[in-house]
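Counting starts at 1 for both ligands and their atoms, following the listed order.
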Amino acid sequence: MQCPKCDSAMEAVDFGTEISVARCTGCGGLFCEKQTLLQLRTEWLADTVLDTGSAAGGAKTNDIRDIPCPRCSNIMDHVQDSEQSHITLDVCPTCEGVFLDAGELTDMKSVTLMDHVRRLLSRLGG
Ligand SMILES: [Zn+2]
Ligand SMILES: [Zn+2]
């Protein structure tokens, strides 16, 4: 599989026994199933293990749009994350594959953690 953003090779990386994603050896972008992403959001340390690319590089590749899906070659949609609107993901309308730029999974998870803390605090406060 080849990275649609920088043309480098993507390698399979496993997390645990059930989760496998493709990671770009160049820009550090991640490609996985929509379903897998939902799992990753709840997995402790998934970002640390998988999202090893540089966030600064990811900010640059995030601007590359209308990329072909690395799996089925259809043009991917650039969509805002439903929970965190500052994060934009490339989602394939055909095979539901998702491309995350380097740093996006980490971003997603850190904000998720902060949301939890905020919710906890508001519960304590009110
Ligand atoms: Zn790449
Ligand atoms: Zn696809």
Side-chain angles (χ1 to χ4, degrees):
M1 202 183 268
Q2 221 169 351
C3 176
K5 298 218 174 184
C6 73
D7 286 331
S8 299
M10 298 192 84
E11 58 180 7
V13 188
D14 293 334
F15 181 78
T17 50
E18 287 174 19
I19 298 176
S20 180
V21 306
R23 183 171 60 210
C24 175
T25 53
C27 69
L30 301 172
F31 180 78
C32 65
E33 306 284 332
K34 218 178 197 176
Q35 204 53 39
T36 306
L37 179 62
L38 293 177
Q39 272 177 284
L40 289 177
R41 292 182 95 128
T42 61
E43 289 286 342
W44 189 243
L45 291 181
D47 49 330
T48 316
V49 176
L50 300 172
D51 195 8
T52 53
S54 103
K60 278 180 211 150
T61 55
N62 188 48
D63 289 336
I64 306 173
R65 302 193 180 186
D66 300 325
I67 53 166
C69 173
R71 185 160 49 201
C72 69
S73 309
N74 280 304
I75 299 299
M76 299 179 86
D77 292 331
H78 206 71
V79 297
Q80 277 187 349
D81 182 66
S82 52
E83 289 176 38
Q84 286 141 242
S85 56
H86 69 286
I87 301 176
T88 46
L89 309 168
D90 297 284
V91 182
C92 176
T94 312
C95 72
E96 301 216 308
V98 182
F99 188 95
L100 297 165
D101 297 296
E104 283 182 343
L105 182 62
T106 307
D107 193 349
M108 242 177 222
K109 291 186 65 92
S110 62
V111 179
T112 306
L113 194 68
M114 271 174 56
D115 286 344
H116 279 308
V117 173
R118 217 174 287 142
R119 236 170 273 153
L120 202 68
L121 287 176
S122 70
R123 208 178 301 157
L124 291 175

Checked the Zn ion (ligand 1): protein N, O or S atoms closer than 2.8 Å come out as Cys3 SG, Cys6 SG, Cys24 SG, Cys27 SG
Report, rounded to 10°, the angle at the Zn ion (ligand 2) between the two atoms SG (Cys95) and SG (Cys72). 120°
Quick check for you: with the Zn ion (ligand 2) as the vertex, what angle do SG of Cys69 and SG of Cys92 span, to 10°? 110°
Indicate yes or no: at least one non-hydrogen side-chain atom of Asp81 is less than 4.5 angstrom from one of Glu104. no
Measure the OG-CD distance between Ser20 and Glu33 for me, rounded to the nearest 0.5 Å. 10.0 Å
Other hydrophobic cluster members with Met108, side-chain heavy atoms of Ile/Leu/Val/Met/Phe/Trp/Tyr under 4.5 Å, chained? Val13, Phe15, Ile19, Val21, Leu30, Leu37, Leu40, Val49, Leu50, Val79, Ile87, Leu89, Val91, Val98, Leu100, Leu105
ILVMFWY cluster membership beyond Phe31 - transitive side-chain contacts under 4.5 angstrom: Met1, Met10, Ile64, Ile67, Met76, Phe99
Which donor-acceptor pairs under 3.5 Å do side chains of residues 54-62 form with protein atoms, sequence neighbours excluded?
residue : atom : partner : partner atom : Å
Ser54   : OG   : Gly57   : N            : 2.9
Thr61   : OG1  : Gly58   : O            : 3.1
Thr61   : OG1  : Asp101  : OD1          : 2.9
Asn62   : OD1  : Thr88   : OG1          : 3.1
Asn62   : ND2  : Thr88   : OG1          : 3.2

For a quick test of reading the model, state the closest non-hydrogen atom pair linking Pro93 to Asp77 and the distance between them. CB-OD2, 3.7 Å
Between Lys109 and Asp51 (salt bridge meaning N to carboxylate O under 4.0 Å), is one present in this structure? no
